[in-house]
Amino acid sequence: MAPPKFHTRGVHEIATVDLSSFTTSPTSADQIVAARELVRILHEAGFARITGHGFAKHEIAESLSWARKLFALPYEEKMKAPHPASNAHHRGYSGIGQEKVYMQDDLQTQGSQGLRTTSDYKESYEIGSEHDPAQTNIWLPEDVLPGFRGSMNSLYARLIVISRLILDAIGVGLGLDADAHATLMELVSDDHCQLRLLHYPPISREKLQHELFTRMPAHTDWGTFTILFQDENGGLELKDPRSGEFLLAEPHEDALILNVGDMLQRFTNDYFVSAVHRVSVPDRDTINGLGVPARYSIPFFVMPGSTYTVRTLPNFITTEHPKNYEPVVFDEYGLMLTKYQYESNKA
């Protein structure tokens, strides 16, 4: 069955899709309506705001609370779980400026050394499944932040469920047959997704006036898709693929932001296109005397297994749309894209 076609148009705001029909067991007709709307929006924009996902407001608030507790620790304590100086093991704590996010165009125009002319002003902590055969977790000692490990394992498990729900909805909206739908569902691995806690420290107005900063430059994600929730300070912007305009993802306390990643783009032969997004620093002239407040967010990167080969589904290959991509082994693709992402932690 060919993918559905829509009359495309420019995107002026981030559209919201309610997936509660997939969590409250109403009729399949309700699910089909919601799923087709999700597919339409992702086809047009590459991103959407999701409600009715089954992750309660208090769970979101509790998760963000753990992020605040973690990053409030002294640097020396956080460094008891250091992220390796390598792009092959995305686990543990990365200090401010250690990670540099970039796109391949940036690498071509700036070179590997030029990428770090401006560092990313953020710190992060990466977590995966306790059963991932490719990347083991790097945990803080339990006495440094009691309860953190257990809570993060529970959060990872909850977000796997939500990710499968979303991918299932995409399959329903595309009208895939049972075999194609099963192949689509292989784009999420229970054991190889990545949970990330992020902290963007506050920046004073004076500091902004005298130094050059980025929080997170424009980029795409190289997994299947990403779901994210953020605190009340927001800051995430997503690029409308038609107008080229970046749209602010206003914080909604009960909503997740979903953006398409490279694997879903390759799987659908560009029917869905990986969303360009960033966390920018506001224009200096618009910042009040207090400067830019701190920001906390938690993205969950949905990924297939480390050795899984992602192939374009034949449904999306036609005379009008010939195949754009050769098969790719997931982790090999990721290693290629992130070769210059990390350097040693700095005090």
Side-chain angles (χ1 to χ4, degrees), residues 53 55 59-73 75 77-96 98-99 101 120 122-164 166 187-200 216 221-231 236 256-259 261 263 279 295-306 330-331 334-335 338 341-342 345:
H53 40 67
F55 199 55
E59 293 179 289
I60 296 174
E62 181 181 355
S63 300
L64 289 167
S65 176
W66 276 112
R68 293 185 181 94
K69 292 176 191 175
L70 168 69
F71 294 116
L73 293 171
Y75 178 79
E77 294 290 274
K78 290 178 286 193
M79 278 300 295
K80 291 179 178 178
H83 189 297
S86 164
N87 68 322
H89 196 156
H90 296 279
R91 300 292 184 266
Y93 171 74
S94 300
I96 295 172
Q98 182 193 354
E99 181 200 26
V101 171
D120 294 358
K122 66 180 188 302
E123 55 182 338
S124 62
Y125 195 103
E126 319 286 344
I127 301 159
S129 167
E130 295 281 58
H131 308 291
D132 190 339
Q135 299 185 48
T136 56
N137 279 319
I138 302 173
W139 292 110
L140 292 170
E142 183 65 17
D143 62 347
V144 171
L145 190 56
F148 176 70
R149 179 173 182 170
S151 294
M152 292 304 100
N153 282 333
S154 296
L155 177 58
Y156 181 99
R158 289 284 287 115
L159 295 179
I160 283 288
V161 172
I162 293 169
S163 301
R164 287 193 166 278
I166 291 171
L187 294 182
V188 53
S189 165
D190 292 357
D191 294 342
H192 198 56
C193 294
Q194 182 179 333
L195 171 63
R196 162 178 271 203
L197 308 185
L198 275 166
H199 172 223
Y200 299 83
M216 186 176 290
D221 294 337
W222 44 277
T224 302
F225 60 78
T226 304
I227 54 177
L228 171 142
F229 46 98
Q230 57 184 336
D231 70 5
L236 175 67
L256 303 177
I257 295 295
L258 163 66
N259 64 269
M263 293 301 104
V279 179
R295 174 183 187 263
Y296 297 87
S297 67
I298 302 180
F300 187 72
F301 302 98
V302 177
M303 302 174 174
S306 60
F330 177 65
D331 268 13
L335 286 170
T338 61
Q341 191 168 352
Y342 286 93
N345 271 289

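Treat the numbers as computed from the prediction; the structure is a model and nothing was measured.
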Distance-minimising heavy-atom pair for [X] and [Y]:
X: Ser297; Y: Arg295; value: OG-NH1, 3.3 Å
X: Ser189; Y: Gly305; value: CB-N, 3.5 Å
X: Ala67; Y: Leu197; value: CA-CD1, 4.3 Å

Enter the distance from [X]:[atom1] to [Y]:[atom2] here, rounded to the nearest 0.5 Å.
X: Cys193; Y: Asp191; atom1: SG; atom2: CG; value: 9.0 Å
X: Tyr200; Y: Glu123; atom1: OH; atom2: CD; value: 11.0 Å
X: Ser63; Y: Met152; atom1: OG; atom2: CE; value: 5.5 Å
X: Ile257; Y: Phe225; atom1: CD1; atom2: CZ; value: 13.5 Å
X: Phe71; Y: Lys78; atom1: CZ; atom2: NZ; value: 7.0 Å
X: Lys122; Y: Ser124; atom1: NZ; atom2: OG; value: 6.5 Å

Let's go through Trp139 and Asn153 carefully: what are the C-alpha distance in whole Å and the side-chain angles of both, what is the deciding distance for side chain to side chain contact (heavy atoms under 4.5 Å, CB included) to 0.1 Å, and is it a yes or a no?
CA-CA 11 Å; Trp139 292 110; Asn153 282 333; 3.5 Å; yes
Quiz item: cation-pi between Arg196 and Phe301, 6.0 Å / 45°:
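No, a cation-pi geometry is absent between Arg196 and Phe301.
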Validation row: [X], [Y] side chains within 4.5 angstrom (heavy atoms):
X: Leu73; Y: Leu140; result: yes
X: Leu70; Y: Tyr296; result: no
X: Tyr125; Y: Trp66; result: no
X: Asn137; Y: Arg149; result: no
X: His53; Y: Ile166; result: no
X: Asp331; Y: His192; result: yes
X: Leu187; Y: Val302; result: no
X: Leu145; Y: Glu77; result: no

List the steps, then state whether side chain to side chain contact (heavy atoms under 4.5 Å, CB included) holds for Phe148 with Ile127.
CA-CA 11 Å; Phe148 176 70; Ile127 301 159; 4.1 Å; yes
Given Ile227, Thr226, Asp190, the one that forms side chain to side chain contact (heavy atoms under 4.5 Å, CB included) with Ser163:
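Exactly one option meets the side chain to side chain contact (heavy atoms under 4.5 Å, CB included) with Ser163, and it is Ile227.
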Derivation of the side chain to side chain contact (heavy atoms under 4.5 Å, CB included) call for Val161 and Arg164
CA-CA 5 Å; Val161 172; Arg164 287 193 166 278; 6.0 Å; no
Ring center gap for Tyr93 and His83 short of 6.0 angstrom
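They do not qualify: ring centres at least 6.0 Å apart.
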Suppose we call two aromatic rings close when their centres sit under 6.0 Å apart. Are Phe55 and Phe300 close by that rule?
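Phe55 vs Phe300: aromatic centres not under 6.0 Å.
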Check step by step if side chain to side chain contact (heavy atoms under 4.5 Å, CB included) holds for Thr136 and Arg91.
CA-CA 7 Å; Thr136 56; Arg91 300 292 184 266; over 6 Å; no
